[in-house]
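These notes concern the structure reproduced below.
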Amino acid sequence: MSDIHTETEQGHCCGSAHCHTQEESSSNNIYLPAIISFALLIIGLVLDYYKVPFFKDYIRLIWFLGAYIPVGLPVLKASWSSIKAGEFFTEFFLMSIATLGAFALGEYPEGVTVMLFYTIGELFQDAAVTKARGNIKALLDVRPKEAFVYRDSKYISVNPEQVGIGERIQVRVGEKIPLDGILLSNNASLNTAALTGESKPDRMAKGDHVYAGSINLEGVIEVEVTKIFKDSSIARILELVQNATARKSKTELFIRKFAKVYTPIVVYLAIGITVLPYFFVSDYVFGDWLYRALIFLVISCPCALVISIPLGYFGGLGAASKHGILFKGASFLDTISKVNAVVMDKTGTLTQGVFQIKTIKTFQIEEHEFMSYVMAMETKSTHPIAKAILDYKIEHVQEAVDVKEIAGQGLSGTVNGTPVLVGNAKLMHAHNIQIPSETQDIVETVVFVAINVQFSGYIVIADALKEDAKDAITKLHEAGIRDIVMLSGDKESITQQVASELNIKTAKGGLLPEDKLNEVENMKQNPKYKVAFVGDGINDAPVLATSDVGIAMGGLGSDVAIETADVIIQTDQPSKIAQAIKIGRSTRAIVWQNIVLAFGIKIVVLILGAGGLATMWEAVFADVGVALLAILNAVRLQHMHWD
């Protein structure tokens, strides 16, 4: 097929002489020429069948020309335009020569039928491509058209592009948040399905980041804008998905180059089929051999290949987006299908990346009272551990005074006139306070507490696993990924404990970003490995860029993830990694099924056509029929499940 067809994914042409936009495709007008042609063809065939006396010679020719022109003229025009542009050997040229040749031989119905079927096939192709593109765009093109911004003591409606950073906007129930920002209201319930693919509402609290494209489900909320419209998450993601269709896979690039060589070859072969038998066949009849050559040309059009391959990748990209997985291009769908080793960061990838209270153990004091002393102290600290402790629910927090932060040890102060120490083992030893021997085997962070110079208990703080972390590793094993490695900057003991919980056999802790980079580079030197690295997209940016496929978790909030990674898991769920690999494999499988289908049938019918054993009807099936079969196969991706 010509390069006009291969421009499909870039939106320049929908793959036929009937170039039209997505909006025009929804109009019935594009089907009118085919309907007129079909009606005239049927009437002509009936008149032929009953041998109506007046229906012969010039009247018959004019009738079938009338049936041919509605569908043939656009193709003839496209062929002429291509020739003027220097693209001589195009699909339009092949179809024009084949059908006009049929008319020259007096095979009027066959000429009309070939062009009509070709046009119908192109309309199906257009519809399939438009649907695939529409599916991708509809998933993400939820950019709001207006924003209610607070100016001059009132809220006014403006275009989101006119709102600046720091301005306050109001979002009513059922409306989309127009820009990224920080929630000023006490709480909010948001539908983020357009961003993450998850339909379950997200509960947000004051100070949380909210993203453009989310739908407000409850009450009127206020948001302080943190990014201008073009930098909002939804705008960047939409641009990313649209650009993804332009990054071609190796398979697509090969087929495109192949079509440029293939088309002139079949034209010269058709000329050879017409002329060469004159020198070798005793009963040579020019018309018979020309008819075979025309059949050969019709069969040779590689429509199925050049339209169904990009359509297959469209389907894969759309299906992935629907599941909250963004591929930056078709090339990464190809690459991820070959991945056999997955290297994962721990913090923020398999764990939630935030400290949480895991255990509270008290001695001779009630937990509630114990925590009231600890929280009184921690309100004076900005340490991440303090934040985890302050998440503990308590009605009244006491006031701490004279609080001092001792570097590398913890806090000392007074609560209700009682001296309190909150910190690590060093702090306890410095004040000659004994700690239980049972705590020596705890690998997580332990906060020791002494009240009134007496050891009163301890709190175990840990980075909790994500809900689907175990499921993620199980699914990777089920997908045939045997080499799963976890790398972490956390201490070795914690890393090994998490690895044990998740059934990961290879894990290394205490690593700096450059150490992780070296580990992945060492794996890549082994030719048996195709390595995917999964990280949070910030500290792990160098490794994401170096690996064969870089996968970023939770790309919505991370600019670095958008820039560096090849694949972005919008839902922040590690279980989506296996799903991404399966989608890549399914896409690649369908693309190769189409290649084998198209080549197999065409080669058989080409041989039959050259030998005079195939008619124009078999040629039509080999061209349009195979293209339609390949399209239907590619569209299957839109309805597959990869749970």
Side-chain angles (χ1 to χ4, degrees), residues 182-188 203-209 224 347-348 351-466 489-491 493-494 497-498:
I182 295 172
L183 184 65
L184 298 177
S185 303
N186 290 329
N187 53 66
R203 298 296 305 183
M204 300 291 181
K206 185 175 183 177
D208 285 347
H209 285 276
E224 181 183 323
T347 307
T351 66
Q352 295 177 15
V354 292
F355 287 115
Q356 290 184 334
I357 294 175
K358 183 178 180 181
T359 309
I360 299 174
K361 182 70 178 289
T362 63
F363 295 85
Q364 298 171 349
I365 185 174
E366 292 293 326
E367 181 180 307
H368 187 79
E369 184 182 357
F370 172 81
M371 288 303 295
S372 71
Y373 278 101
V374 176
M375 292 177 73
M377 296 289 290
E378 295 292 5
T379 54
K380 307 295 183 181
S381 174
T382 57
H383 195 279
I385 289 177
K387 185 178 183 303
I389 290 173
L390 292 173
D391 283 339
Y392 186 88
K393 302 300 179 188
I394 192 170
E395 290 182 8
H396 178 68
V397 177
Q398 302 182 68
E399 183 69 25
V401 296
D402 301 327
V403 177
K404 296 179 182 177
E405 187 160 350
I406 304 166
Q409 294 186 12
L411 304 170
S412 68
T414 304
V415 179
N416 288 341
T418 305
V420 179
L421 297 171
V422 179
N424 57 23
K426 289 181 182 177
L427 181 66
M428 298 295 115
H429 293 151
H431 290 80
N432 297 316
I433 296 172
Q434 295 295 315
I435 58 176
S437 58
E438 66 190 62
T439 60
Q440 294 177 5
D441 297 326
I442 300 174
V443 297
E444 294 97 341
T445 301
V446 183
V447 177
F448 297 100
V449 181
I451 301 172
N452 202 16
V453 202
Q454 297 291 322
F455 184 76
S456 302
Y458 61 86
I459 304 168
V460 179
I461 304 291
D463 184 4
L465 289 173
K466 288 183 178 176
D490 212 339
K491 60 185 182 181
S493 57
I494 293 177
Q497 185 190 41
V498 171

Any chance you could lay out the side-chain contact (heavy atoms from CB on, under 4.5 Å) test for V422 and Y373, step after step, and finish with the verdict? CA-CA 9 Å; V422 179; Y373 278 101; over 6 Å; no
Heavy-atom pair of closest approach, residues [X] and [Y]:
X: A376; Y: A400; answer: O-CB, 3.3 Å
X: L183; Y: A205; answer: CD2-O, 3.5 Å
X: V415; Y: M377; answer: CG2-SD, 4.1 Å
X: M428; Y: G423; answer: CE-N, 4.5 Å
X: G348; Y: K466; answer: O-NZ, 2.9 Å

According to side chain to side chain contact (heavy atoms under 4.5 Å, CB included), who are the partners of [X], at least two apart in sequence or on a separate chain?
X: N452; answer: T418, P419
X: I394; answer: H368, S372, M375, Y392, V397
X: K358; answer: E444, V460, A462, Q497
X: T351; answer: K346, T347, D463, L465

Partners of Q356 by side-chain hydrogen bond (donor to acceptor under 3.5 Å, both in side chains), sequence neighbours excluded?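 With sequence neighbours excluded, Q356 shows a side-chain hydrogen bond (donor to acceptor under 3.5 Å, both in side chains) to Q352, given in chain and number order.
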State which residues pass side-chain hydrogen bond (donor to acceptor under 3.5 Å, both in side chains) with Y458; sequence neighbours excluded, sorted by chain then number.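 If we apply the side-chain hydrogen bond (donor to acceptor under 3.5 Å, both in side chains) test to Y458, skipping adjacent residues, the hits are E438.
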State the [atom1]-[atom2] distance between [X] and [Y], to the nearest 0.5 angstrom.
X: N424; Y: T445; atom1: CG; atom2: OG1; answer: 10.0 Å
X: I442; Y: K361; atom1: CD1; atom2: NZ; answer: 8.5 Å
X: I451; Y: E369; atom1: CD1; atom2: CD; answer: 7.0 Å
X: I360; Y: E367; atom1: CD1; atom2: CD; answer: 4.0 Å
X: N187; Y: K206; atom1: CG; atom2: NZ; answer: 11.0 Å
X: I406; Y: K426; atom1: CD1; atom2: NZ; answer: 12.5 Å

Check step by step if side-chain contact (heavy atoms from CB on, under 4.5 Å) holds for M371 and I389. CA-CA 9 Å; M371 288 303 295; I389 290 173; 3.9 Å; yes
Taking only residues at least two apart or on different chains, which pairs with a member in [range] satisfy salt bridge (Lys or Arg N to Asp or Glu O under 4.0 Å)?
range: residues 409-418; answer: none
range: residues 396-417; answer: K380-E399
range: residues 384-393; answer: none

Counting neighbours of CZ on F370 that are heavy atoms of other residues, nucleotides or ligands and sit closer than 6.0 Å, is the number greater than 12?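 Yes.
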Could you list the residues that satisfy ring pair (Phe, Tyr, Trp, His ring centres under 6.0 Å) with F455, not counting sequence neighbours?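 F455 satisfies ring pair (Phe, Tyr, Trp, His ring centres under 6.0 Å) with F363 once adjacent residues are dropped.
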Stepwise side-chain contact (heavy atoms from CB on, under 4.5 Å) check, I461 with V446: CA-CA 6 Å; I461 304 291; V446 183; over 6 Å; no
S456 side chain to Q454 main-chain N or O, any donor-acceptor pair under 3.5 Å?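 Pair found, side chain donor or acceptor close to backbone of Q454.
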Residue pairs passing the ring pair (Phe, Tyr, Trp, His ring centres under 6.0 Å) test where at least one lies in residues 415-449, sequence neighbours excluded: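 Applying ring pair (Phe, Tyr, Trp, His ring centres under 6.0 Å) to every pair that reaches into residues 415-449, excluding sequence neighbours, yields nothing.
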